Number of protein chains: 2
Amino acid sequence: MLNEDIKTVAHDCGDCPIRHRAVCARCEADELERLEEIKYYRNFQAGQTIIWSGDRMDFVGSVVSGIATLTQTMEDGRTQMVGLLLPSDFVGRPGRDGSPYDVVATTDMVMCCFRKKPFEELMADTPHIAHRLLEMTLDELDAAREWMLVLGRKTAREKIASLLSIIARRDATLNLQTQQNSLVFDLPLTREAMADYLGLTLETVSRQISALKRDGVIELEGKRHVTVPDFSRLLDEAGDDSDGGMLS
Amino acid sequence: MLNEDIKTVAHDCGDCPIRHRAVCARCEADELERLEEIKYYRNFQAGQTIIWSGDRMDFVGSVVSGIATLTQTMEDGRTQMVGLLLPSDFVGRPGRDGSPYDVVATTDMVMCCFRKKPFEELMADTPHIAHRLLEMTLDELDAAREWMLVLGRKTAREKIASLLSIIARRDATLNLQTQQNSLVFDLPLTREAMADYLGLTLETVSRQISALKRDGVIELEGKRHVTVPDFSRLLDEAGDDSDGGMLS
DNA sequence: TCGCGCGCTTGATCTGGGTCAATGATGACC
DNA sequence: GGTCATCATTGACCCAGATCAAGCGCGCGA
C-alpha cells in the first residue's frame with residue numbers, strides 16, 4: 001500500500017488532515033516517519049459504500065477531499081444520517097473492530113488512511129495522538145448532541161436553516177473566504193440526503209428550501225448553488241442563539 | 001476536600017465507578033494513591049442543577065448513585081435531553097472548560113468527583129486512563145448516534161419502547177438480576193423528562209405508555225413501577241433489530 | 001435530436017402527534 | 001384527615017409534516 005508520493009509529502013502537513021490535526025502541532029520526526037510508513041491513499045466514487053454497518057474496519061483515516069455520510073438504517077428502510085464527513089474529518093474508531101453504521105461517499109472522495117493495528121500501536125506510544133483523538137471524539141459528541149436538539153425539537157424550517165448554517169460555516173472555515181459578509185457555497189447533498197439528515201421527507205425539504213428562498217433568507221442558482229445574503233438572519237431562522245464563532 | 005473515608009475505600013473498587021472503570025483493570029498503586037488525593041464526594045438533591053450550560057466546570061467525576069440528565073434548552077423554552085447519567089457513568093470533559101448543556105439531578109445523587117486540573121495531569125502521566133476515557137467517549141458517541149435514529153425516524157410508540165428497553169437493560173446489567181426472564185424496574189424519570197428525552201410531549205408519552213400497557217407489552221404498578229413480561233416483544237415494539245446483548 | 005432517467009418541485013389529501021383543557025391519583029405538610 | 005401541589009391520565013380538536021401523485025428540467029447516451 002505504500003506508494004511513491006509518500007516521501008514527497010512527508011512534511012507537507014496541509015496535504016493530510018490527520019497528520020495536520022493529530023500530529024503536526026507538536027510534531028516529532030520519528031512519529032512522522034512511522035505515520036508515513038502506514039499511510040496510504042484511497043479513492044472512492046460518488047455513491048460508493050466505503051464501509052457497511054457491521055463490517056470489520058481495518059483502517060482509520062481522514063477525508064482529504066469529497067464528502068461522506070454516516071447512516072443507520074432500520075429493517076423497514078427508514079434511514080437516519082448520524083454524521084457528515086467533510087474534508088479534514090476523521091473516520092474510524094481506534095480500539096473498535098466493527099462500524100455501527102454505513103459510511104457512504106456522496107461525492108468522489110480521497111481519503112488518507114492508516115492501517116489500524118500499527119496506528120493503534122503508534123497511538124499507544126505517543127500520548128499526544130491519543131489526546132488529539134479524544135479531542136476529536138469530544139467534538140463529534142458535541143456535534144451529535146447538538147443535532148439531537150435539532151432532530152427532537154426543531155420545526156422543518158428550523159432544521160433546514162440549521163443544516164444550511166452548519167454547511168456554510170464548515171465551508172467558510174475550510175476555504176477561509178468570509179469575503180463580503182455574504183456566504184456562497186454548493187450543497188454537497190441531494191434533497192433526499194438532507195431529509196435523511198434532518199428526519200424529514202425529501203418533499204418537505206424541497207418545500208422549506210423554496211420557502212426560505214421566497215422569503216429572501218437564501219438565494220438559489222440552479223438546485224445546489226446557495227448564497228446567503230445575511231448569515232445572522234439564517235441563524236435566526238435556525239433558532240440558534242449563538243453564531244457558532246462565525247461572526248465576531 | 002479530602003475526607004476521612006478516603007483511606008478506607010482506597011482499594012475498594014466497587015465503591016467508585018471511575019476508579020473501577022478507568023483504572024482498576026490495570027491498577028497501579030501510585031496511580032490509586034494520586035487519584036485518592038484528588039477525590040471527593042458530592043451530594044445533590046433531586047431537582048438540583050449540578051452544572052448550568054456555559055458554566056465553568058472545575059471537576060470531572062462519575063455517578064455513584066442516583067440519576068442525572070444532560071439537557072439543552074432553546075430560548076423559547078423547548079428542551080431536549082441529550083444524555084442520561086446512570087450510576088457508573090462519567091461526567092465531564094477533560095481538556096474542556098465549559099459545559100455545553102445543563103446537568104440536572106433528577107433524583108438524590110452521590111457523585112465521586114476529581115478536581116479537574118490534577119486529574120488532567122494524572123491523565124497525561126498515565127496513558128491507560130486517557131485510553132479508558134477515549135473508550136467511554138466513543139461509547140457515549142455511539143449512544144448519541146443511536147438516539148439520533150430514535151429521534152429522527154421512530155414513531156412515538158417506538159420511541160417509548162426504545163427508552164424502556166434502554167432503561168431495562170441498564171438496570172439489569174447494574175443489578176445483575178435477569179431473574180425469571182421477565183424484567184422489573186422503576187422508571188427514574190417523570191413523564192415530562194421522558195418527553196424531553198424523546199422529542200415528544202408529556203401527553204403523548206402518557207398515551208403511549210397506556211397503549212403499551214393495554215396491549216400487554218408492559219405492566220404498570222402505580223405510575224413508575226414497570227414489569228416487562230417479554231423483553232423481546234418490547235424490543236420488537238422499539239423497532240430494534242438487535243437485542244443489545246441482553247438475550248443470548 | 002430525441003428520449004429517458006434522475007433529481008427536484010408542487011399540489012391535494014391524510015394523519016400522528018401537538019395543543020388546550022378538564023379531571024384523577026398520590027403524598028407531604030399542617 | 002383535609003388541603004394543596006405535583007404528576008399523570010384522558011378527551012376533543014387542530015395542524016405540521018407525511019403520503020400520494022403529477023409534472024418539470026437538465027444532462028447523458030444512442
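Quick note: numbers below take in every heavy atom, side chains included, and nothing from hydrogens, waters or symmetry partners. Because the structure is predicted, anything quoted here is derived from the model rather than measured. In what follows, chains carry the letters A, B, and so on, assigned in the order in which the sequence lines appear, proteins first and then strands, with residues in each chain numbered from 1.
One finds no side-chain N or O of A/T201 lying less than 4.0 angstrom from the OP1 or OP2 phosphate oxygen of D/dG17. Phosphate proximity of D/dA8 to B/S206: absent, as no side-chain N or O sits under 4.0 Å from OP1 or OP2.
Applying the 6.0 Å contact sphere to CD of B/E192 captures no more than 12 heavy atoms from other residues, nucleotides or ligands. Atom CD of B/E75 is surrounded by more than 12 heavy atoms from other residues, nucleotides or ligands within 6.0 Å. Open room surrounds CD on B/Q45; 12 or fewer heavy atoms of other groups in view lie less than 6.0 Å from it.
Within the nucleic acid shown, B/R224 comes within 4.0 Å of sugar-phosphate atoms alone, with no base atom in reach, counting heavy atoms only.
Scanning all heavy atoms of the two residues, the minimum distance from B/G152 to A/L151 falls at CA-CD2, 4.2 Å. In this structure, B/Y40 and B/F114 approach most closely via the heavy-atom pair CE2-C, 4.3 Å.
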- Which letters describe nucleotides 20-26 of chain D, given B = protein heavy atom under 4.0 Å from base, S = only from sugar-phosphate, - = neither? B------
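To the nearest angstrom, C1' of C/dC8 lies 18 Å from NE2 of A/H225. One atom, CD of A/Q208, and another, C1' of C/dT9, lie 13 Å apart when rounded to the nearest Å. The distance from atom CG of B/L151 to atom C1' of C/dG17 is 15 Å, rounded to the nearest whole Å. Residue B/I209 contributes atom CD1, which lies 14 Å from atom P of C/dG17 at whole-angstrom precision. Rounding to whole angstrom units, CD1 of residue B/I160 and P of C/dG17 are separated by 10 Å. Taking atom CG of B/L202 as the reference point, atom C1' of D/dT9 lies 10 Å away to the nearest angstrom. Residue B/R153 contributes atom CZ, which lies 13 Å from atom P of D/dG17 at whole-angstrom precision. The interatomic distance linking A/R78 (CZ) with D/dT19 (P) rounds to 10 Å, in whole Å.
Within a heavy-atom distance below 4.0 Å of DNA chain D, the residues of residues 185-200 of chain B found are B/T190, B/R191.
For the side-chain contact (heavy atoms from CB on, under 4.5 Å) with A/L164, the qualifying choice from A/L235, A/L187, A/V217 is A/L187, the only one to do so.
Counted by atom type alone, B/T79 and B/D196 present one or more donor-acceptor pairs between their side chains at under 3.5 Å.
Rounding to the nearest 0.5 Å places CZ of A/R153 at 11.0 Å from CE of A/M148.
Comment: A/K154 engages A/D240 in a salt bridge, judged by a side-chain N to carboxylate O separation of less than 4.0 angstrom.
In this structure, the nucleotide among D/dT9, D/dA18, C/dG17 sitting nearest to the side chain of B/T155 is C/dG17.
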